[in-house]
Amino acid sequence: MAEARPASATAAVDVFKLGNYSTKAIRTSNAPKTLFIVTPENEGTYPVLLFLHGYNICPCCYSQLLQHISSHGYIVVAPLFLGVCSLYCRPDIKSAAEVTNWLSSGLQPVLPENVVPNLSRLALAGHSRGGYLAFALALGNANIPLNLKFLALIGIDPVAGANKCMKSVPKILNSDSFNLDMPVMVIGTGLGGESMLGCIPCSCAPDGLNYAEFFMKCKENCHGFVISEYGHTDMLDDDFCNNCLGTSIGKLMGSMCKSGKGDKTLMIECVGGLVVAMLMAQLEGESRELDAIVDNSSIAPVKLEVMEASQP
């Protein structure tokens with residue numbers, strides 16, 4: 001069994017700091033997609049998070065964020081999607097489903113000795129286009145059956161296209177509402193919808209296709225947060241431009257996304273803490289951390305706004 005977390009009167013604040021587990025990064029190609037895995041090294045049994053990356057951003061560019069999550073006692077599995085077309089997403093949704101089905105037989109052999117995945121406690125998350133992919137997968141758009149059940153869904157500044165005339169396919173935002181059978185968290189950024197090109201409407205998370213739309217489509221059981229003073233890629237490693245699928249693509253991504261002026265480490269801690277709080281609540285039944293953040297968002301390391309609860 002995994003080690004118990006130490007009790008603390010300020011436990012809610014602790015999710016924004018690194019946890020008590022040492023972590024290890026693993027890369028493997030023995031799966032339907034190349035995987036970047038961050039796992040606790042301590043002997044134990046741990047819940048699992050499937051994490052889907054943004055467009056042309058390698059999973060390793062999230063290493064600080066994924067390490068933060070894993071250090072609280074979670075195995076994070078991040079598949080790599082290589083593709084030129086950002087809008088036609090059905091192949092990547094299917095690949096995410098294939099990785100999900102692979103976990104049952106394939107994950108254990110690539111983990112450190114005495115580290116055991118508990119796949120009955122499985123969650124799904126994604127950033128940017130990966131956030132859209134996560135929602136699309138949870139909504140059943142893979143067209144292949146899943147042999148595992150997700151217990152929670154987290155969208156980190158999800159984006160469903162380049163603009164209202166160029167939406168990602170399938171067009172999941174066209175529905176009146178999402179009919180999801182799991183709790184949801186949507187995390188948005190205040191600067192994600194702003195353009196770096198002045199009056200030219202070109203942003204990384206355009207209005208009408210970003211976190212606000214995803215949150216509104218969730219009928220119930222959905223937590224929404226906005227990190228108001230940071231941008232769409234501010235939760236990535238500082239050197240992510242050089243680590244992407246090509247330095248030129250990485251630099252292009254960085255130049256298009258407006259960034260906040262604050263310390264990026266605090267942004268990573270905030271996003272990581274929100275994810276950890278959601279996982280603790282939905283995978284382990286420990287909701288006091290999430291409840292405390294909802295009740296008093298000032299405990300977050302950066303300015304954090306709580307979105308009004310979505311209505312049925």
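Computed over heavy atoms, backbone and side chain alike; hydrogens, waters and symmetry mates excluded.
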[atom1]-[atom2] distance between [X] and [Y], expressed to the nearest 0.5 angstrom:
| X | Y | atom1 | atom2 | value |
| --- | --- | --- | --- | --- |
| Thr39 | Ile26 | OG1 | CD1 | 6.0 Å |
| His72 | Tyr46 | NE2 | OH | 13.5 Å |
| Phe215 | Glu308 | CZ | CD | 8.0 Å |
| Leu122 | Leu279 | CG | CG | 10.0 Å |
| Gln282 | Ser287 | CD | OG | 8.5 Å |
| Glu43 | Asn114 | CD | CG | 4.0 Å |

Step by step, work out the side-chain contact (heavy atoms from CB on, under 4.5 Å) result for Val186 and Phe135.
CA-CA 11 Å; Val186 177; Phe135 272 87; 4.0 Å; yes
With Val271 as reference, evaluate Ile154, Asp157, Thr189, Ile156 under the side-chain contact (heavy atoms from CB on, under 4.5 Å) test and give the passing residue.
Ile156
Pick one: which of Ile293, Ile227, Thr265, Val275 meets side-chain contact (heavy atoms from CB on, under 4.5 Å) with Cys270?
Ile227
Please check if [X] and [Y] belong to a single hydrophobic cluster, counting links between Ile, Leu, Val, Met, Phe, Trp and Tyr side chain heavy atoms closer than 4.5 Å.
| X | Y | value |
| --- | --- | --- |
| Leu148 | Phe150 | yes |
| Val159 | Met216 | no |
| Met278 | Val276 | yes |
| Leu137 | Leu119 | yes |
| Leu18 | Ile37 | no |

Where do [X] and [Y] come nearest, in terms of heavy atoms and distance?
| X | Y | answer |
| --- | --- | --- |
| Leu50 | Pro79 | CD1-CD, 3.8 Å |
| Pro117 | Leu111 | CD-CD1, 3.6 Å |
| Asn101 | Pro145 | ND2-O, 3.0 Å |
| Ala125 | Leu49 | CB-CD1, 3.7 Å |
| Ile187 | Pro158 | O-CD, 4.0 Å |
| Leu139 | Leu180 | CD2-CD2, 3.5 Å |

Answer yes or no: is there a donor N or O on one side and an acceptor on the other, between the side chain of [X] and the main chain of [Y], under 3.5 Å?
| X | Y | answer |
| --- | --- | --- |
| Asn221 | Met182 | no |
| Asn141 | Ala136 | yes |
| Asn210 | Ala205 | yes |
| Ser29 | Thr34 | no |

[atom1] of [X]: more than 12 outside heavy atoms within 6.0 angstrom?
| X | atom1 | answer |
| --- | --- | --- |
| Lys33 | NZ | yes |
| Asn179 | CG | no |
| Asp176 | CG | no |

Do [X] and [Y] have side chains that approach each other closer than 4.5 Å (heavy atoms only, starting at C-beta)?
| X | Y | value |
| --- | --- | --- |
| Asp234 | Lys264 | yes |
| Arg129 | Asp92 | yes |
| Val110 | Leu35 | no |
| Ser297 | Phe225 | no |
| His223 | Leu274 | no |
| Tyr55 | Cys204 | no |
| Ile69 | Phe51 | no |
| Phe36 | Leu80 | no |

Step by step, would you call Asn143 with Lys94 a side-chain contact (heavy atoms from CB on, under 4.5 Å)?
CA-CA 7 Å; Asn143 296 324; Lys94 181 181 179 182; over 6 Å; no
Taking only residues two or more places apart in sequence, or in another chain, which ones meet Asp181 in a salt bridge (charged side-chain N to carboxylate O under 4.0 Å, His left out)?
Lys149
Go through Leu304 and Ile299 one step at a time and tell me if the side-chain contact (heavy atoms from CB on, under 4.5 Å) criterion holds.
CA-CA 9 Å; Leu304 181 67; Ile299 65 176; over 6 Å; no
Check the pair Ser128, Ile57 against side-chain contact (heavy atoms from CB on, under 4.5 Å), reporting the backbone distance first and the verdict last.
CA-CA 10 Å; Ser128 189; Ile57 304 175; 5.6 Å; no
Check the angle between the aromatic planes of Tyr132 and Phe214 and answer parallel, tilted or perpendicular using the 30° and 60° thresholds.
perpendicular
Partner of Tyr62 by side chain to side chain donor-acceptor pair (under 3.5 Å), out of His53, His127, Gln67, His68
His127
